[in-house]
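Before any comments, here is the structure.
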Amino acid sequence: MTVGDPRDVLALKRDGRRLAPEDLAAFVTGFARGEIPDYQAAAFLMAAYIRGLDTSETLALTRAMVESGRTVALAGVSRPTVDKHSTGGVADGVTLAFAPLAASLGLAVAKLSGRGLGHTGGTLDKLESIPGLRTDLSPEELVRQVERVGCAVAAQTHDIVPADGALYALRDATATVPSIPLIAASVMSKKLAVETELILLDVKAGSGAFMKTPEDARTLAETCTTLAADWGRSCRAAVTDMSQPLGQAIGNALDVAEAVSLLSGGSHGRLRDLSVLFAGEALSRLTGAGMGEGRSAAAASMDSGKGLEAFRHMVEAQGGDPRVVDDPWAVLPVAPVRRPIEADRAGHLAAVDAEALGRASTDLGAGRKKKGDPIDPAVGIVFRPKIGDRLEAGEEIGTIHARDEAAARECVPRVLSALTMSSTQVEPPPLVHGWFGG
Ligand code: URA
């Protein structure tokens, strides 16, 4: 398929008109093949961001993205197969724990992940902070590893959804990320390209998410589950809380260390709860176990160290240094400067601008500002309190991990100004707002 003059597609969307599925598909295919330059694709993204895409356009975009590469058939895998994806959050290390945890429960996780996007972290960037670890698996490598180890986390490549890889990087650099159809097409193209029996989505809502309200997150969840249903795929989406960092680590190596500690049975509150919830949901949907039974099995796997062993096998299979599970900081890159963050007033933590924390971490070097920017895997923020906690003035609430003193000094007031304190007690927000899809 070829696009005549890409400017016709741009002009139609600029003027708020509906694109014919074949024109949209031709545009995306042309971009994925390198025939349409970045500047025209960026103009398309901005027009789509502002004008929106209706259901048939979103479907056409998703289909063109899937068809830009090969699909990965998993029919030969002997275990029940599942994929899980987050729409993006801050200190959201669920995937790092979920994949090995589900594998340790006898499931097979075949997952295409993304890089950091906007202020949010990306599983690929986090995993690649482990020395040697590769995410550019071919479809054949992905299937082999899933069968052998029970889980694999890979990137979009020129073989698998290349159009998402290219559009994703451009969206990150052009402020066109928080759009329901663009997120839905990006997430679902990666999920539909890999033919698992079950897709689980973690659709984030709150200050650290692209969807700031549970209502918008619900629309995104329903858009994604509708795309899956059109494809005849089974998909369940949970809208979950992102009104504060989920775990404590906002960075890359820091997130890996947190995942190792979580999989070692360390207590990590809401991050643990959500990881167990998704693994339990997968087990119960795929094996018919009751929900309570699924969650108990997931919690037991975490506490017994079976999930951690599965993580070791996954890291090793992807070329990473497996000693990361025994002694993370002997292997992971360490930032040269560490500066404590102390609360500047007493009170109950009432709200956190998690996006501001994500941006502060990006500015330390943990994320990208321009397409192709290198990231610094060692830097980031550890932020411990949760909404509802009582803090005392001067209490240490976290640590900045920075490349130099100036960056660390600059970051502290940014963290403190992201916090809202109350003189009265505050109820923690619910972790899960609801489930959608079937
Ligand atoms: N995750 C993705 O894969 N794509 C998005 O657009 C947002 C989150």
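For ligands, and for the atoms within them, numbers begin at 1 and follow the listed sequence. Worth knowing before you read on, the calculation uses all heavy atoms, side chains too, and leaves out hydrogens, waters and symmetry mates. Bear in mind that the values here come from a model prediction, so they are computed numbers and not experimental data.
Scanning all protein heavy atoms for the shortest distance to atom 4 (N) of ligand 1 gives S186 OG, 2.6 Å. Closest protein heavy atom to atom 7 (C) of ligand 1: L117 CD2, 3.5 Å. Considering only non-hydrogen protein atoms, atom 1 (N) of ligand 1 sits nearest to H85 NE2, 3.4 Å.
Remark: distances from the non-hydrogen atoms of G114 to ligand 1 are all 4.0 Å or more.
The aromatic rings of F98 and F278 sit perpendicular to each other, their planes meeting at more than 60°, with 30° as the lower class boundary.
For ligand 1, the atoms lying closer than 4.0 Å to a non-hydrogen atom of V187 are 1 (N), 2 (C), 3 (O), 4 (N). Ligand 1 places these atoms under 4.0 Å from at least one heavy atom of R171: 5 (C), 6 (O).
Judged by distance alone, the side chain of E57 and the main-chain N or O of P21 form no donor-acceptor pair under 3.5 Å. Without hydrogens or angle criteria, K111 side chain to A155 main chain gives no donor-acceptor distance under 3.5 Å.
Donor-acceptor pairing under 3.5 Å is recorded for the side chains of S301 and S104. In this model, a donor atom of one side chain and an acceptor atom of the other lie less than 3.5 Å apart for R233 and T196. A donor-acceptor contact under 3.5 angstrom links the side chains of D202 and T240, judged on distance only.
Backbone and side-chain nitrogen or oxygen atoms of K190 are examined, and one is located within less than 3.5 angstrom of a nitrogen or oxygen of ligand 1.
Looking at L416, T399, L419 one by one, the single match for side-chain contact (heavy atoms from CB on, under 4.5 Å) with I341 turns out to be L416.
With a 4.0 Å cut-off on non-hydrogen atoms, T87 touches ligand 1 through its backbone and not its side chain. When heavy-atom distances to ligand 1 are checked against a 4.0 Å cut-off, D164 has no atom that comes that close, whether in backbone or side chain.
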